[in-house]
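Below is one structure; the comments refer to it alone.
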Amino acid sequence: MLRLHPGTVDYIIIAIYFVVVLGIGFVAKLSIKTDLDFFLSGRSLPAWITGLAFMAANLGALEILGQSANGAQYGVAAVHYYWIGAVPAMVFLGLVMMPFYYGAKVRSVPEYLRLRFGEAAHIFNAATFAIATVLISGVNLFALALIIHLLLGWPVGGSILAAAAIVLVYITLGGLTSAIYNEVLQFFVIIAALLPLTLVALHAAGGWSGVEHRIKELPALGNAGLHAWKGLSTSHPTNPLKSSWIGVVFGLGFVVSFGYWTTNFAEVQRALSAKNLSAARRTPLIAAYPKAFFPFIIILPGLIAVATIHGLGVGKNLSLQYNTAIPHLINQFFPEGMLGIAIVALIAAFMAGVAANVTAFNTVVTYDLIQPYLWKDRDPAFYLRWGRLVTVAGILISIATAFIAKGYSNMMNYIQTLFSIFNVPLFTTFIVAMFWKRATAMGGFLSLVAGTATAYGVNRLAAYHVIFHFGSALSASFWQSIWAFIVGTVVLVVVSLVTKPRPEEELRGLVWGLTRKEERTVDEDPRDRLWWRSPVLLGAVVLVIVLVLNILFI
Amino acid sequence: MSTDPKSRRFSLRSSRTEPMQPTGESDEDEAEAARAANKFDIRRLIGGLFCLYSVILIALGIFGSHHIKNKAAGINVDLWTGLGMLVVGVLMIVWALTRPVMPEPPETRGQGSGRIRRAPAT
């Protein structure tokens, strides 16, 4: 059984972290006067902070363990999750979509749908989003407890409650500011743990050439495991992903990735808390830079683990699952001291995963359900109080769903399923809504419903092997998303053409062709005109970096 | 640009490029708000935590057992990571001090408590 044995110093390091996290909550509370302070940090944060938080909100421990597992299982091809599956969508969000979100002064992603398509689409989206976030936060909570149980031997139930209590305290007190500060802190701690781990493990394995040599010998990966783009032909995919390039480029790269990064409010919320439009646009762009390089400290350790740890991923032994790649390396190489830092990194990442979802949940429930439909026009203190109440409720529901998630064997598949059902249909609706003024309220609403139903239907059919056979669970989630996208788009276009369009006057600022250039690029701070703060330049440079990285690992 | 001190709390404008604007509050309040904002600067938090961790790691790397020093394939990983974190921590604090969130007023104007406050080293 894989078990870490932290020493006294490790526990001191962990205790210090908890003190800091709770301290942030108490101090952040002092700066909160209104609901906007609580939900969007008073729209006051500089771009580098929101950018790192944007990156870190996604960097839960599920991501760390799951992506290193993908590295171990699928080899170099796992980089598609970063270089195709994240960076282009982040650039698109910053350059193209952010002016509509931030420019329209919406406080949440569903609120944009309310302005664009009216109440039906808005309620449907706000409700499904609230359900999805609370389920995902429950999975994170459960995963945190599970990893603590496996690695440290603490009981699962007790760990769930303890972790939930800490998140509850710092979010209820400090709101989004607390969450973002912890995300930025966590970002640095994760690097402090994973960078030395990767370097040490790489050294022990005889450098990159040593890893390459061993991967080639592995029956599960072989030479194909060292290439991102080879063996992705449509007729006979030989890549470990068992997917064709269509699945990778359109499924992962376009539909899944754009759906996740551009419409998931847990991400977009970080950008909405930026201090002005320029900072909001730069938020995902700044996040794209670390994202482009994180495969080197997440996927690479997975590759090293599968190359050096005998029997990883073979057979049914729980402590040799792909998910344990990084814990194995930690166990093997980290002495007292670094072990504490590594445990802090994992715990911090899990708590951030819960916190990101809880902050998105409380905002959407308060601003998109309570304020417009239950109690309108109350004073800020009323909504602030509700925000805190909803936070408590959200965490209690997360705890309940965490105990449900306990019943599922494969968490990553569960999460992928949730994303493709709840996020993908949303992207379809958004992209058409922003670029086609003719799209109508009824079209928007029905396309959301149809897309969600399609994603769910294909998922069920594939799960029971009724009609589809996809090479792997990953490949299945790509295709499920592609179908949801196609059906959602067709429904939106057809319904819009037979229903009455809204007058153009009402859509100003919400649709691309109807927004004047000066409205899109309005700058509040002249210093944001500095050349190195130009969003277009930041976006272009990171795209070039990713292109070069893809060519290097082709 | 907003002149409300709270809304500028997290911004990183330095005193060199953006002199502080009058807020209508008393000097005492302004100074208080500025000090609070600077104390809660995330760069100070990261810097402080990293410096603290680095001291622990470096101590283990120097005074630790043979096992601690050699577990990572012969590399003293506590020592090296500790040194790395120390550099990052110090850089964060230096950055926070040279470009504070809100400049604290350089001197006491009008009646105050009589204490002499100095501007932060820039």
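Throughout, a chain's letter reflects where its sequence line sits, starting with A, and its residues are numbered from 1.
- The two residues B:Thr81 and A:Ala192 come nearest to each other via the heavy atoms CG2-O, 3.7 Å.
- Contact annotation: the side chain of B:Tyr53 approaches that of A:Val344 to within less than 4.5 Å [non-hydrogen atoms, C-beta and beyond].
- B:Lys71 and A:Gln332 get closest at one heavy-atom pair: CE-O, 3.6 Å.
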>> Using side-chain contact (heavy atoms from CB on, under 4.5 Å), reason through B:Leu45 and A:Tyr181 one step at a time and then give a plain yes or no.
In response: CA-CA 9 Å; B:Leu45 280 169; A:Tyr181 267 45; 3.7 Å; yes

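- Rounded to the nearest 0.5 Å, atoms CD (A:Glu336) and CD1 (B:Ile56) are 10.5 Å apart.
- Between A:Gly337 and B:Leu57 the shortest heavy-atom distance is C-CD2, 3.5 Å.
- Considering CD1 of A:Ile49 and CZ of B:Arg43, their distance stands at 7.5 Å, rounded to 0.5 Å.
- Looking at B:Leu49, only its side chain comes within 4.5 Å of chain A, counting heavy atoms on both sides.
- Using the six-membered ring where Trp is involved, B:Phe50 and A:Phe188 have ring planes that are perpendicular, over 60° apart on the 30 and 60° scheme.
- In this structure, chain A has heavy atoms under 4.5 Å from both the backbone and the side chain of B:Ile42.
- For A:Ile341, the part lying near chain B is the side chain, with the backbone staying farther off; criterion is any non-hydrogen pair under 4.5 Å.
- In this structure, the portion of B:Leu60 lying under 4.5 Å from any heavy atom of chain A is its side chain and not its backbone.
- The shortest distance between side-chain heavy atoms of A:Met338 and B:Trp80 does not fall below 4.5 Å.
- Heavy-atom proximity under 4.5 angstrom to chain B picks out A:Val9, A:Ile13, A:Ile16, A:Tyr17, A:Val20 from residues 8-21 of chain A.
- With a 4.5 angstrom heavy-atom cutoff, A:Val189 touches chain B via backbone and side-chain atoms both.
- Taken from CD1 in B:Ile68 to CG in A:Leu339, the straight-line distance is 10.5 Å, to the nearest 0.5 Å.
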